[in-house]
Amino acid sequence: MKDITTISGKLDATGLKVAIVAARFNDFIVNRLVDGALDYLELQGFDRADITLVRVPGAFELPLICQKLATGKKYNGILALGAVIRGSTPHFDYVCGEAVKGLAHTMLAHNVPLGFGLLTCDTIDQAIERAGSKAGNKGVEAAAAMLETIRVLEQI
């Protein structure tokens with residue numbers, strides 16, 4: 001029986017450029033995601049000069065800016081970071097749904113790996129847990145997924 005060909009991404013940042021798009025809304029959470037992502041990317045060999053950080057008002061604006069960055073073909077990957085916390089109105093559902101849809105569309109339409117680090121939480125405590133405490137740091141996880149996807153795409 002013939003061996004199976006396996007393609008997997010190496011977590012090596014040599015020669016790559018990435019953009020991080022981070023929402024300012026709920027910045028006490030988002031800043032923790034950004035810090036985690038930056039620490040992780042540097043551990044993988046990124047030079048800070050190869051990372052561009054773009055701040056946007058909130059999660060709803062993430063797709064537009066990610067799309068603009070993707071069309072420029074300047075970056076190997078884009079990392080979208082934000083936090084939406086449920087309130088007492090349906091606003092949460094609209095913002096989350098449209099942001100997720102827009103980010104997915106951007107990645108598929110432009111063939112640019114997009115790390116998905118948009119927290120959609122019911123409570124502030126859940127957001128805090130996912131921004132560097134009990135549930136890890138989702139900024140780190142999104143950065144790792146983006147980096148691995150960049151390297152997988154190079155091989156297929």
Side-chain angles (χ1 to χ4, degrees), residues 8-11 13 16-46 48 50-72 74-153:
S8 65
K10 310 262 185 299
L11 297 179
L16 298 177
K17 291 191 180 300
V18 299
I20 299 173
V21 183
R24 284 194 315 272
F25 197 79
N26 289 321
D27 64 345
F28 67 101
I29 297 294
V30 178
N31 289 341
R32 295 167 88 180
L33 298 174
V34 170
D35 290 344
L38 287 171
D39 288 347
Y40 174 81
L41 292 172
E42 287 178 8
L43 284 173
Q44 301 310 317
F46 273 95
R48 279 194 174 244
D50 293 326
I51 302 170
T52 300
L53 176 61
V54 180
R55 292 287 187 167
V56 299
F60 194 75
E61 292 75 27
L62 289 171
L64 175 63
I65 302 307
C66 289
Q67 178 177 280
K68 181 70 173 176
L69 293 167
T71 60
K74 185 176 175 183
Y75 301 100
N76 301 96
I78 301 168
L79 184 57
L81 302 176
V84 184
I85 301 168
R86 187 179 300 278
S88 58
T89 69
H91 183 258
F92 172 90
D93 298 315
Y94 299 127
V95 170
C96 294
E98 293 306 312
V100 170
K101 189 181 343 176
L103 292 171
H105 173 76
T106 295
M107 181 171 57
L108 295 174
H110 299 286
N111 292 313
V112 174
L114 198 147
F116 183 76
L118 175 59
L119 301 181
T120 55
C121 301
D122 288 324
T123 66
I124 291 172
D125 288 339
Q126 287 176 347
I128 291 168
E129 287 175 6
R130 287 157 180 76
S133 67
K134 290 188 228 177
N137 186 309
K138 300 305 177 185
V140 171
E141 291 177 21
M146 177 198 63
L147 178 55
E148 186 174 349
T149 304
I150 290 168
R151 294 306 191 192
V152 165
L153 279 174

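As a basis for the values below, the full set of heavy atoms in this structure was taken, side chains included, without hydrogen atoms, waters or symmetry mates.
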What's the spacing between [X] [atom1] and [Y] [atom2] if we round to 0.5 Å?
{"X": "Thr106", "Y": "Asn111", "atom1": "OG1", "atom2": "CG", "result": "12.0 Å"}
{"X": "Leu53", "Y": "Arg48", "atom1": "CG", "atom2": "CZ", "result": "9.5 Å"}
{"X": "Ile29", "Y": "Arg32", "atom1": "CD1", "atom2": "CZ", "result": "6.0 Å"}
{"X": "Cys66", "Y": "Glu61", "atom1": "SG", "atom2": "CD", "result": "11.5 Å"}
{"X": "Leu16", "Y": "Leu147", "atom1": "CG", "atom2": "CG", "result": "6.5 Å"}
{"X": "Leu81", "Y": "Arg55", "atom1": "CG", "atom2": "CZ", "result": "9.0 Å"}

Does [X] reach the side chain of [Y], with side-chain heavy atoms less than 4.5 Å apart?
{"X": "Leu62", "Y": "Leu118", "result": "yes"}
{"X": "Val30", "Y": "Phe25", "result": "no"}
{"X": "Cys121", "Y": "Val84", "result": "no"}
{"X": "Met146", "Y": "Leu41", "result": "yes"}
{"X": "Val112", "Y": "Tyr75", "result": "no"}
{"X": "Ile20", "Y": "Ile51", "result": "yes"}
{"X": "Gln67", "Y": "His105", "result": "yes"}
{"X": "Asp35", "Y": "Asn137", "result": "no"}

Give the C-alpha distance, both sets of side-chain angles, the deciding distance and a yes or no for side chain to side chain contact (heavy atoms under 4.5 Å, CB included) between Thr71 and His110. CA-CA 7 Å; Thr71 60; His110 299 286; 3.1 Å; yes
Look at the side chain of [X] and the backbone N and O of [Y], then say whether any donor-acceptor pair between them is shorter than 3.5 Å.
{"X": "Arg130", "Y": "Gln126", "value": "yes"}
{"X": "Asn76", "Y": "Val18", "value": "no"}
{"X": "Asp50", "Y": "Phe46", "value": "no"}

Specify the closest pair of heavy atoms between [X] and [Y], including all atoms of both residues, with the distance to one decimal.
{"X": "Gly82", "Y": "Leu33", "answer": "O-CD1, 3.7 Å"}
{"X": "Gly139", "Y": "Ala37", "answer": "O-CB, 3.6 Å"}
{"X": "Ala143", "Y": "Leu79", "answer": "N-CD1, 3.6 Å"}
{"X": "Ala99", "Y": "Ala59", "answer": "CB-O, 3.6 Å"}
{"X": "Leu114", "Y": "Leu103", "answer": "CD1-O, 3.8 Å"}
{"X": "Ala127", "Y": "Leu119", "answer": "O-CD1, 3.8 Å"}

Give a yes or no on this: more than 12 heavy atoms of other residues, nucleotides or ligands lie within 6.0 Å of atom [atom1] of [X].
{"X": "Phe92", "atom1": "CZ", "answer": "yes"}
{"X": "Ile124", "atom1": "CD1", "answer": "no"}
{"X": "Tyr94", "atom1": "OH", "answer": "no"}
{"X": "Phe60", "atom1": "CZ", "answer": "no"}

Taking side chain to side chain donor-acceptor pair (under 3.5 Å) as the test, write out the residues that go with Asp122, two or more places apart.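 With sequence neighbours excluded, Asp122 shows a side chain to side chain donor-acceptor pair (under 3.5 Å) to Arg86, given in chain and number order.
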Answer yes or no: is there an ion pair linking Glu98 with Lys101, defined by an N-O contact shorter than 4.0 Å?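 Judged by the 4.0 Å cut-off on N to carboxylate O distance, Glu98 and Lys101 do form a salt bridge.
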What do the steps show when you test Lys138 against Glu141 for salt bridge (charged side-chain N to carboxylate O under 4.0 Å, His left out), and what is the final call? CA-CA 5 Å; Lys138 300 305 177 185; Glu141 291 177 21; 3.3 Å; yes
